[in-house]
Amino acid sequence: MSRVFNFSAGPAVLPKEVLEQTKLDLINYRETGIGISEISHRSQEFEELMQQTESLFRSLLDIPDSHAVLFITGGGTQQFSMIPMNLIAPGTIANYIVSGEWAKRAFEEAKKFGQVHLAASSEDKNFSYIPKTISLSKTPCYLHYTSNNTIYGTQFASEPEVIDENGNAVPLICDASSDLFHKPIAINKYSLIYAAAQKNFGPAGISAVIIKKELLRVSSETLPIMLNYNTYAKNKSLYNTPPTLTIYMICEVLKWLEAQGGVKEIHKRNIKKASIVYEALDRNNLYMPHAEKSSRSLMNITFHLPSEELDKKFISEAAKQNLKSLAGYRAFGGIRASIYNACPEEACYKLAEFIDAFPKMHA
Ligand SMILES: Cc1ncc(COP(=O)(O)O)c(C=O)c1O
């Protein structure tokens with residue numbers, strides 16, 4: 001059966017080469033006669049795989065020695081709890097930018113673990129823009145923001161600059177679940193940056209957490225063992241059995257990314273892919289893109305048609321053309337085209353053609 005163009009927001013499309021290689025290694029990993037998901041996580045093969053995965057992470061994202069790379073099960077949502085549990089020190093206040101649903105959930109979760117402060121929000125306009133003005137609390141321990149808002153289709157063009165009232169830089173924490181690896185970033189600007197794998201670098205089951213080593217000192221020893229960053233840092237993310245197949249596939253995706261020319265090259269492609277779709281939306285009056293132009297995401301393109309009925313028609317007619325998984329987030333509706341790294345340019349051209357053709361047929 002041939003594959004379709006999959007615009008799912010996550011779990012999302014993976015490179016075909018990765019799936020083909022996984023098919024082989026699932027039966028016989030590197031001529032061991034054992035499949036990759038049957039190998040012990042204590043075996044030499046798996047330890048080497050873990051090292052290779054970390055080393056690809058480091059080289060592709062240019063991660064300095066000052067930062068550790070941790071692989072943690074539990075998805076992006078688990079980080080909404082682990083960050084405040086580990087990093088709010090007594091007498092300090094955790095600051096949050098709420099620019100979408102996931103950012104809001106991170107903010108709400110943090111309230112359970114200490115004092116929090118809403119430093120900026122774009123909820124007044126249904127999260128259609130990236131807030132520019134940030135107002136920090138006194139004694140901030142960190143500022144958390146979400147670099148790409150998967151549901152609303154907005155994205156920070158660069159990281160927020162934050163200096164507290166005493167002129168000190170506030171530790172920056174970023175949820176990059178839907179855009180890590182989509183462009184080069186300066187990791188040293190971050191105290192912690194994390195991402196769930198299932199959008200841009202693997203299947204579901206794990207989050208990568210890149211954390212400044214000096215921050216590891218802050219966590220209390222009374223935390224549950226699997227919710228303490230130190231457990232992962234001290235044990236190379238192998239304290240207990242990790243999702244081995246997911247890690248294997250992440251490694252394959254990173255090898256694929258390296259073979260494409262790395263994040264610099266993929267960023268150029270992402271800019272082109274997004275412009276193909278946005279230009280089609282902008283030249284047809286029928287569509288109402290959700291994000292303000294200056295806040296548009298390169299990863300998730302969101303728009304509505306004039307009625308829910310037309311939204312549904314667009315989605316079902318697109319599916320007939322093999323353009324699948326275009327429905328917006330369940331509580332938001334409309335259309336969402338997720339065009340992460342592994343989404344081919346051809347998919348964007350086909351979608352743009354369909355965007356042009358649909359008004360003539362159905363509106
Ligand atoms: C930006 C962002 N953060 C966090 C999450 C939650 O991730 P998970 O479902 O792995 O908990 C998502 C999921 O779509 C997301 O898009």
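Along the sequence shown, residues are numbered consecutively beginning with 1. Treat the numbers as computed from the prediction; the structure is a model and nothing was measured. Below, all heavy atoms of this structure are taken into account, side chains as well, without hydrogens, waters or symmetry copies.
Residue Phe181 forms a side-chain contact (heavy atoms from CB on, under 4.5 Å) with just one option from Val253, Ile266, Leu254, and that option is Leu254.
Judged by distance alone, the side chains of Thr150 and Asn300 never bring a donor and an acceptor atom under 3.5 Å apart. In the model, Asn200 has no side-chain atom that pairs as donor or acceptor with a side-chain atom of Asp179 under 3.5 Å. Side-chain contact of Gln44 with Glu48: a donor-acceptor pair under 3.5 Å is present, judged by distance alone. Between the side chains of Tyr190 and Glu159, a donor-acceptor pair is found at a separation under 3.5 Å. Between the side chains of Asn126 and Ser128, no donor N or O sits under 3.5 Å from an acceptor N or O. Inspection of the Asn168 and Asn166 side chains reveals no N or O donor paired with an N or O acceptor under 3.5 Å. Judged purely by distance below 3.5 Å, without hydrogens or angles, the side chains of Tyr239 and Asn230 never pair a donor atom with an acceptor atom.
Remark: aromatic rings of Tyr248 and Phe46 are distant, center separation not under 6.0 Å. Between Phe127 and Phe332, the ring centre distance reaches or exceeds 6.0 Å.
Using a 4.5 Å heavy-atom cutoff, the side chains of Asp62 and Pro184 are not in contact. Residues Tyr152 and Thr302 fail the side-chain proximity criterion, which asks for heavy atoms closer than 4.5 Å. In this structure, the side chains of Phe7 and Ile339 come closer than 4.5 Å at one or more pairs of heavy atoms. Using a 4.5 Å heavy-atom cutoff, the side chains of Ile36 and Thr244 are not in contact. The side-chain heavy atoms of Phe107 and Ser121, taken from C-beta on, include no pair separated by under 4.5 Å. By the 4.5 Å heavy-atom criterion applied to side chains, Tyr194 and Ile72 are not counted as neighbours.
Ion pairing between Glu54 and Arg58 holds under the 4.0 Å rule for side-chain N and carboxylate O. Electrostatic pairing of Arg296 and Asp282 counts as a salt bridge here, judged by a charged N lying under 4.0 Å from a carboxylate O. Looking at Lys255 and Glu258, no side-chain N of the basic residue comes within less than 4.0 Å of a carboxylate O on the acidic one, giving no salt bridge. Using a cutoff of 4.0 Å between basic side-chain nitrogens and carboxylate oxygens, Glu345 and Arg269 are not scored as salt-bridged.
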Kindly indicate, with the supporting measurements, whether the criterion salt bridge (Lys or Arg N to Asp or Glu O under 4.0 Å) is fulfilled by Glu109 and Lys112.
CA-CA 6 Å; Glu109 181 67 6; Lys112 295 179 186 164; 2.8 Å; yes
Ile173/Leu87 under side-chain contact (heavy atoms from CB on, under 4.5 Å): CA gap, chis, key distance, verdict:
CA-CA 10 Å; Ile173 295 190; Leu87 303 179; 3.8 Å; yes
Please report the C-alpha distance between Glu309 and Lys312 in whole Å, then the side-chain angles of each, then the deciding distance to 0.1 Å, and finally whether the salt bridge (Lys or Arg N to Asp or Glu O under 4.0 Å) criterion is met.
CA-CA 5 Å; Glu309 198 189 330; Lys312 283 192 182 137; over 6 Å; no
Under the criterion salt bridge (Lys or Arg N to Asp or Glu O under 4.0 Å), I'd like the reasoning laid out for Lys23 against Glu20: C-alpha separation, chi angles, the key distance, then a yes or no.
CA-CA 5 Å; Lys23 218 162 80 174; Glu20 299 285 4; 3.6 Å; yes
Which is it for Glu108 and Lys111 under the salt bridge (Lys or Arg N to Asp or Glu O under 4.0 Å) test, yes or no, and what are the steps along the way?
CA-CA 6 Å; Glu108 293 299 328; Lys111 288 179 181 168; 3.1 Å; yes
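By the 6.0 Å contact criterion, CD on Glu161 is open, its count of non-hydrogen atoms from other residues, nucleotides or ligands being 12 or less. Within 6.0 Å of NZ in Lys236 there are 12 or fewer heavy atoms belonging to other residues, nucleotides or ligands. Remark: Glu17 CD is packed, more than 12 non-hydrogen atoms of other residues, nucleotides or ligands lying under 6.0 Å away. Dense packing is recorded around NZ of Lys213, with more than 12 heavy atoms of other residues, nucleotides or ligands lying under 6.0 Å away.
Across all their heavy atoms, Lys199 and Ser177 have their closest contact at CD-O, 3.3 Å. Considering every non-hydrogen atom in both Ala204 and Thr246, the closest pair reads O-OG1, 3.2 Å. When all heavy atoms of Gln155 and Ile130 are compared, the closest pair comes out as O-CG1, 3.4 Å.
Note on Tyr329 and Phe80: same hydrophobic cluster, where clusters join Ile, Leu, Val, Met, Phe, Trp and Tyr whose side-chain heavy atoms are under 4.5 Å apart, directly or indirectly. Under a hydrophobic clustering in which Ile, Leu, Val, Met, Phe, Trp and Tyr are joined whenever their side-chain heavy atoms come within less than 4.5 Å, directly or via other members, Leu216 and Leu172 fall into different clusters. A continuous path of hydrophobic side-chain contacts links Met50 to Phe201 [ILVMFWY only; heavy atoms under 4.5 Å]. Ile225 and Ile206 fall into different hydrophobic clusters, where Ile, Leu, Val, Met, Phe, Trp and Tyr are joined by side-chain heavy atoms under 4.5 Å apart, directly or via other members.
The backbone N or O of Asn148 lies less than 3.5 Å from no partner atom in the side chain of Thr146, so there is not a single donor-acceptor pair.
Distance check: Met82 CE to Thr77 OG1 gives 13.0 Å after rounding to the nearest 0.5 Å.
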